[in-house]
There are 2 protein chains.
Amino acid sequence: MTFSEENYLKTIYHLMAVSDADISTNAIAEKMETKASSVTDMLKKLAEKELVNYIKYQGVSLTEKGQLAAKMIVRKHRLWETFLVEKLDFSWDEVHDLAEQLEHIKSEKLINKLDDFLGNPTEDPHGDAIPDASGRITKIEKQLLSELEKNRVGICVGVKDTSSDFLKYLDKQEIALGSQIEIIEKESFDSSFRIRVGTKEITISHKIASNIYIK
Amino acid sequence: MTFSEENYLKTIYHLMAVSDADISTNAIAEKMETKASSVTDMLKKLAEKELVNYIKYQGVSLTEKGQLAAKMIVRKHRLWETFLVEKLDFSWDEVHDLAEQLEHIKSEKLINKLDDFLGNPTEDPHGDAIPDASGRITKIEKQLLSELEKNRVGICVGVKDTSSDFLKYLDKQEIALGSQIEIIEKESFDSSFRIRVGTKEITISHKIASNIYIK
DNA sequence: AAATTGTTTTAGACTAGACTAAAAAAATAT
DNA sequence: ATATTTTTTTAGTCTAGTCTAAAACAATTT
Ligand SMILES: [Mn+2]
Ligand SMILES: [Mn+2]
Ligand SMILES: [Mn+2]
Ligand SMILES: [Mn+2]
């Protein structure tokens with residue numbers, strides 16, 4: 001499997017996790033910052049290899065085989081991110097682009113040894129689940145901070161947006177995985193939140209609140 | 001720089017370490033298991049980028065810029081090999097092919113952090129020197145076991161052939177980096193060697209002896 | 001139901017990197 | 001010095017992956 005094929009599979013996998021319905025050519029093109037015509041070409045190739053179910057004009061979904069392949073790429077991505085943060089002391093906003101490269105290294109043995117070396121983690125530095133060697137995922141129950149009621153308290157267990165900008169913003173506000181967060185007030189006018197993080201009280205926008213996972 | 005360009009540079013670098021003279025198109029083709037015509041195409045491209053000095057029909061050599069680029073690839077290769085052996089418990093005959101993939105990961109920061117994580121090693125698992133971040137190499141003085149006189153004793157510090165087959169043979173004979181080796185007898189008829197490794201006495205062919213470095 | 005708009009596919013072109021076959025140049029042998 | 005062999009380059013073809021522009025199809029609006 002080529003890098004490009006792997007990237008398409010992974011993108012379809014992530015889109016399927018959100019949508020249920022078949023994935024459209026345009027959705028893939030947008031997410032990958034490429035053109036719809038390029039996507040069509042690739043879908044034909046992936047269908048030929050029985051990695052996706054593809055019917056012209058009707059969108060695409062992963063086959064079992066494609067699903068497993070996609071999970072293995074996600075597994076590698078998240079294990080490498082964990083390695084970079086835990087062992088090489090990278091911060092959580094720096095690792096995604098590097099993992100985009102490392103996820104294409106081909107070796108089951110390597111990734112399984114890396115898994116062991118890291119102590120078989122179930123979550124990556126952003127709180128996302130790491131599939132195990134057979135593709136199984138331990139679902140983490142979590143909800144968006146924006147869905148929490150006033151006066152409730154929770155622990156930050158993940159982020160939805162993993163962009164460097166957002167993660168740096170969280171660093172600045174001293175919000176990290178494991179931080180305790182309490183909803184002090186929900187402002188109905190602009191849907192912003194007054195929250196307590198540790199001992200500090202801060203105000204965050206609805207957009208911020210809807211990108212933080214709480215348990 | 002593409003993977004392919006990097007592989008050509010690295011090959012030219014290794015050939016230059018042996019030969020002094022300019023490197024021939026055929027030598028590169030042979031080492032890379034490709035065709036001379038493909039090599040010619042690539043040499044033009046590398047010359048365009050000022051990574052090699054190339055004159056039609058007269059062979060090729062690395063420019064300063066090309067030399068540094070090649071060293072950085074070698075640095076990455078050898079640091080990854082060290083990581084795989086030291087941290088992930090791979091054996092020295094398994095790591096080369098994996099390092100061939102890993103050496104193309106693009107990130108100075110990653111490789112420098114990996115270097116620190118490993119304790120800034122100066123040699124890889126095969127006894128080859130690891131260039132530092134600026135390309136400097138600490139030359140290791142060593143000689144081939146085959147050049148050693150009778151009754152001399154030395155320590156195995158490296159291997160010339162790093163093929164899996166050869167390394168596995170050494171494992172079988174319990175020869176590893178750090179092993180003490182004494183020349184008991186040199187057989188003039190077939191140039192074979194009678195040696196003592198630790199407490200064991202064994203016979204090795206001239207070919208074997210000329211692929212082991214001793215200090 | 002027809003027209004408009006949006007989406008997806010097709011057709012054709014381009015680049016990187018590989019290949020084969022033929023031509024050109026260099027090296028070697030006679 | 002000429003002929004032969006070997007090496008290297010050129011010319012042309014192929015595949016993967018991308019793109020633009022045009023055509024085909026689907027969804028919406030009037
Ligand atoms: Mn990521
Ligand atoms: Mn992640
Ligand atoms: Mn190696
Ligand atoms: Mn090595």
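Keep in mind the model is a prediction, meaning the values are calculated, not measured. Convention: sequence-line order gives letters A, B, ...; per-chain numbering from 1.
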Take the protein atom OH of A/Tyr57 and the nucleotide atom C1' of D/dC25, then report the distance between them rounded to whole Å.
-> 5 Å
Rounded to whole Å, the CG-P distance (A/Leu43 to D/dA16) equals 16 Å
Within the side chain of A/Lys65, is there an N or O that forms a donor-acceptor pair under 3.5 Å with the backbone of A/Lys49?
-> yes
Judged by atom type as modelled, is there a donor-acceptor pair below 3.5 Å linking the side chain of A/Lys31 to the main-chain atoms of A/Ile12?
-> no
Any side-chain N or O of B/Tyr54 less than 4.0 Å from the OP1 or OP2 oxygen of D/dT8?
-> no
Would you please confirm or rule out a distance under 4.0 Å between OP1 or OP2 of C/dT9 and any side-chain N or O of A/Lys44?
-> no
Could you tell me how the ring of A/Trp80 sits relative to the ring of A/Phe83: parallel (under 30°), tilted (30 to 60°) or perpendicular (over 60°)?
-> perpendicular
Check side chain to side chain donor-acceptor pair (under 3.5 Å) between B/Thr34 and all other residues, then give those that pass, not counting sequence neighbours.
-> none
What parts of residues 21-42 of chain A reach DNA chain C, counting only heavy atoms under 4.0 Å away?
-> A/Ser24, A/Thr25, A/Asn26, A/Ala36, A/Ser37, A/Thr40
Give B/Phe3 one of three labels, base, sugar-phosphate or nothing, depending on what nucleic acid heavy atoms sit under 4.0 Å from its own.
-> nothing
Could you note down all residue pairs passing ring-ring contact (aromatic ring centres under 6.0 Å, His included) where residues 28-79 of chain B supplies at least one of them, sequence neighbours left out?
-> B/His77-B/His96
Sorted by position of nearest nucleotide on DNA chain D, 5' first, the leading residue of A/Lys56 and A/Thr2 is A/Thr2
Between B/Gln58 and A/Gln58, which has a closest nucleotide on DNA chain C that is more 5'?
-> A/Gln58
Any Lys/Arg nitrogen of A/Lys207 or A/Asp161 sitting under 4.0 Å from an Asp/Glu carboxylate oxygen of the other?
-> no
